[in-house]
J.: 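Can you read through this structure? Questions will come right after.
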Amino acid sequence: MLKIALDAMGADNGIEPVVNGLFKALENKNFKAILVGDEILIKEFIDSRNFSNKLLQNIEILHTDDFIKMDEQASNANKRNNTSIYHAIQLVKNNQADACVSAGHSGATMSLATLQIGRIKGVSRPAICTCMPTITNKRSIILDAGANTDCKPEYLVDFALMGYHYAKHILKHNMPSVGLLSNGEEDSKGNDLTKQAFKLLKKYSFFKGNVEGSDIFNGSVDVIVCDGFMGNLVLKASEGVASSISTILKQEIKQSIIASIGYVFMKQAFKILKLKIDYAEYGGAPLLGIKKPIIISHGKSNTRAMENALYQAIESCETKICEKITEVFQETQMQNNCNQTNTDNVT
């Protein structure tokens, strides 16, 4: 049975959404979980709720009362070997858990995953892969969404390969298309980074070319590749727009009788809209390029978000996405070596 290491500490709203999300997930999926955090707080919370004894049998608690706070430097994470995220990552590293989920300090999670578990051979940098809503019935993904603020062109090629296979095997897109985020669709558009990355990506059949910000949401492309600085800006701006739309709609409905009447007839449509733009429905973001599944959840994650993050971890294990990415980069390395050998022979 799959076993998930769940960092119970460090989230903005404490252990409540983490534990509640875990029990919701256990009601629907058969797996075991190791809750890493303050055992006293966790047990007190569990005892205060009417959780099923049957579900409790699938939970272990690994005690630690230390965690990386959001305002701390990620560089300290590897030195603090008694934090919840350190222990959670160690469980995965030592094959005591199959995957890790954390809504704590994302920088610390990325740093520890890279240093302790390690990158897949051939992957230059791991990337945060975030699902985005579209006007179609399928999601798009954007990567990198914040792991690497400064990138080289070859990093974006790696992101494209990982994103393509995530979209194919996890999101079940038959033939995913990949676009390079730029300030225009023309081949000549972009800064030095995107122009150089464009030249490298042209050889891949899945590469559609340059795409603009609107293409993230219109469904014209499945995977959007960019550096982590730009990706994080897009992600935060999108969250802000979604939140603002929700607030504006609520205000208008409250202030207008006509709008209130209209809402009654449009209630189902608004419900669907909420599901599409609500970050909680996407759960978390996988850190692609690491040897084992690592899911990074939003610090403000609620119960639903943590539940879905656990589903993501389970799906990543079941589809063996890390193994598939490993195979892809092995094949790429072999092809590069073969091309190099042929070049040397010609020379």
J.: If the condition is side chain to side chain contact (heavy atoms under 4.5 Å, CB included), which residues does F67 pass it with, not counting sequence neighbours?
T.: M9, K69, S84

J.: From L143 CG over to L181 CG, what is the distance, rounded to the nearest 0.5 angstrom?
T.: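 Going from CG on L143 over to CG on L181, the span is 11.5 Å.
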
J.: Are side-chain heavy atoms of S140 and D222 found at a separation under 4.5 Å?
T.: no

J.: Side chains of residues 204-218: which donor-acceptor partners sit under 3.5 Å, not counting sequence neighbours?
T.:
{"residue": "K208", "atom": "NZ", "partner": "S220", "partner atom": "O", "Å": "2.9"}
{"residue": "N210", "atom": "ND2", "partner": "E186", "partner atom": "O", "Å": "2.8"}
{"residue": "D215", "atom": "OD1", "partner": "N218", "partner atom": "ND2", "Å": "3.0"}
{"residue": "D215", "atom": "OD1", "partner": "S220", "partner atom": "OG", "Å": "3.1"}
{"residue": "D215", "atom": "OD2", "partner": "E212", "partner atom": "N", "Å": "2.8"}
{"residue": "N218", "atom": "OD1", "partner": "S220", "partner atom": "N", "Å": "2.9"}
{"residue": "N218", "atom": "OD1", "partner": "S220", "partner atom": "OG", "Å": "2.7"}

J.: Are any side-chain N or O atoms of H105 and backbone N or O atoms of E72, one a donor and one an acceptor, separated by less than 3.5 Å?
T.: yes

J.: Given side chain to side chain contact (heavy atoms under 4.5 Å, CB included), test R139 with L171 step by step and report yes or no.
T.: CA-CA 8 Å; R139 295 168 287 174; L171 301 184; 3.3 Å; yes

J.: Between N148 (side chain only) and D150 (backbone N and O only), is there a donor and an acceptor less than 3.5 Å apart?
T.: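 Judged by distance alone, no pair lies under 3.5 Å.
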
J.: Any chance you could lay out the side chain to side chain contact (heavy atoms under 4.5 Å, CB included) test for M162 and D144, step after step, and finish with the verdict?
T.: CA-CA 10 Å; M162 293 191 292; D144 177 25; over 6 Å; no

J.: Should C322 and P293 count as side-chain neighbours, where that means a heavy-atom distance under 4.5 Å?
T.: yes

J.: Counting C-beta onward and ignoring hydrogens, is there a side-chain heavy-atom pair between L193 and L156 closer than 4.5 Å?
T.: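 In contact.
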
J.: Taking K172 for its side chain and H169 for its backbone only, find out whether a donor-acceptor pair lies under 3.5 Å.
T.: yes

J.: Let me have the donor-acceptor pairs involving side chains of residues 17-39, under 3.5 Å, with sequence neighbours excluded, atom names and distances please.
T.:
{"residue": "N20", "atom": "ND2", "partner": "E16", "partner atom": "O", "Å": "3.4"}
{"residue": "N28", "atom": "ND2", "partner": "K24", "partner atom": "O", "Å": "3.1"}
{"residue": "N28", "atom": "ND2", "partner": "Y311", "partner atom": "OH", "Å": "3.0"}
{"residue": "K32", "atom": "NZ", "partner": "N58", "partner atom": "OD1", "Å": "3.4"}
{"residue": "D38", "atom": "OD1", "partner": "I40", "partner atom": "N", "Å": "3.0"}
{"residue": "D38", "atom": "OD1", "partner": "L41", "partner atom": "N", "Å": "3.3"}
{"residue": "E39", "atom": "OE2", "partner": "K43", "partner atom": "NZ", "Å": "3.1"}

J.: Going from OG1 on T326 to CD1 on I120, what distance comes out if it is rounded to the nearest 0.5 angstrom?
T.: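 Interatomic distance, T326 OG1 to I120 CD1, rounded to 0.5 Å: 3.5 Å.
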
J.: Could you tell me the separation between the CG atom of N308 and the CD atom of E315, rounded to the nearest 0.5 Å?
T.: 10.5 Å

J.: Evaluate the criterion side chain to side chain contact (heavy atoms under 4.5 Å, CB included) for residue pair C131 and I141; output intermediate values, then yes/no.
T.: CA-CA 4 Å; C131 286; I141 56 174; 3.8 Å; yes

J.: Please answer: with hydrophobic residues joined when any side-chain heavy atoms are less than 4.5 Å apart, are L201 and L288 in the same cluster?
T.: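 Yes, L201 and L288 fall within the same hydrophobic cluster.
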
J.: Would you name the heavy atoms of S301 and H298 that are closest together and state the gap between them?
T.: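 Smallest interatomic distance, heavy atoms only, reads OG-O, 2.6 Å.
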
J.: Among residues at least two apart in sequence or on other chains, which ones pass side chain to side chain donor-acceptor pair (under 3.5 Å) with D227?
T.: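 None.
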
J.: Verify, without hydrogens or angle tests, whether N94 (side chain) and Q90 (backbone) share a donor-acceptor contact under 3.5 angstrom.
T.: yes

J.: Can you establish whether the number of heavy atoms outside M175 located under 6.0 Å from its atom CE is more than 12?
T.: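 No, the 6.0 Å shell around CE holds no more than 12 heavy atoms from other groups.
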
J.: Can you confirm whether N82 is buried at CG, in the sense that more than 12 heavy atoms of other residues, nucleotides or ligands lie under 6.0 Å from that atom?
T.: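 Result for CG/N82: enclosed.
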
J.: Partners of Y164 by side chain to side chain donor-acceptor pair (under 3.5 Å), sequence neighbours excluded?
T.: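 Checked Y164 against side chain to side chain donor-acceptor pair (under 3.5 Å); zero matches.
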
J.: Measure the spacing between OG of S188 and CZ of F198 and express it to the nearest 0.5 Å.
T.: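 S188 atom OG to F198 atom CZ measures 9.0 Å (nearest 0.5 Å).
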
J.: Write down the atom of A108, the atom of A77, and the distance for their closest heavy-atom approach.
T.: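 Looking at all heavy atoms of both residues, the closest pair is CB-CB, 3.7 Å.
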
J.: Please name all residues satisfying side chain to side chain donor-acceptor pair (under 3.5 Å) with K93, sequence neighbours left out, ordered by chain then number.
T.: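 Counting only residues at least two positions away or on another chain, K93 forms a side chain to side chain donor-acceptor pair (under 3.5 Å) with Q116.
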
J.: If you apply the rule salt bridge (charged side-chain N to carboxylate O under 4.0 Å, His left out), what do you find for K324 with E327, and how did you get there?
T.: CA-CA 5 Å; K324 286 182 171 65; E327 291 172 5; over 6 Å; no

J.: Between CD1 of I46 and CD1 of I59, what distance do you get to the nearest 0.5 Å?
T.: 5.0 Å

J.: Between C226 and V234, does the side chain to side chain contact (heavy atoms under 4.5 Å, CB included) criterion hold? Intermediate values first, please.
T.: CA-CA 10 Å; C226 60; V234 169; 5.8 Å; no

J.: Show the nearest heavy-atom pair for residues M306 and A103, with the distance to one decimal.
T.: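 Distance-wise, the nearest heavy atoms are SD-CB, 3.8 Å.
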
J.: For residues I294 and I89, determine if any side-chain heavy atom of one lies less than 4.5 Å from a side-chain heavy atom of the other.
T.: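 I294 vs I89: side chains touch.
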
J.: Hey, does V101 have a side-chain heavy atom less than 4.5 Å from the side chain of S297?
T.: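 SC-SC contact between S297 and V101 confirmed.
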
J.: Can you tell me how far the CG atom of L6 sits from the CD1 atom of I4, to the nearest 0.5 Å?
T.: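 Separation between the atoms: 9.0 Å.
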
J.: Got more than 12 heavy atoms from elsewhere within 6.0 Å of NZ, K292?
T.: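 Enclosed.
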
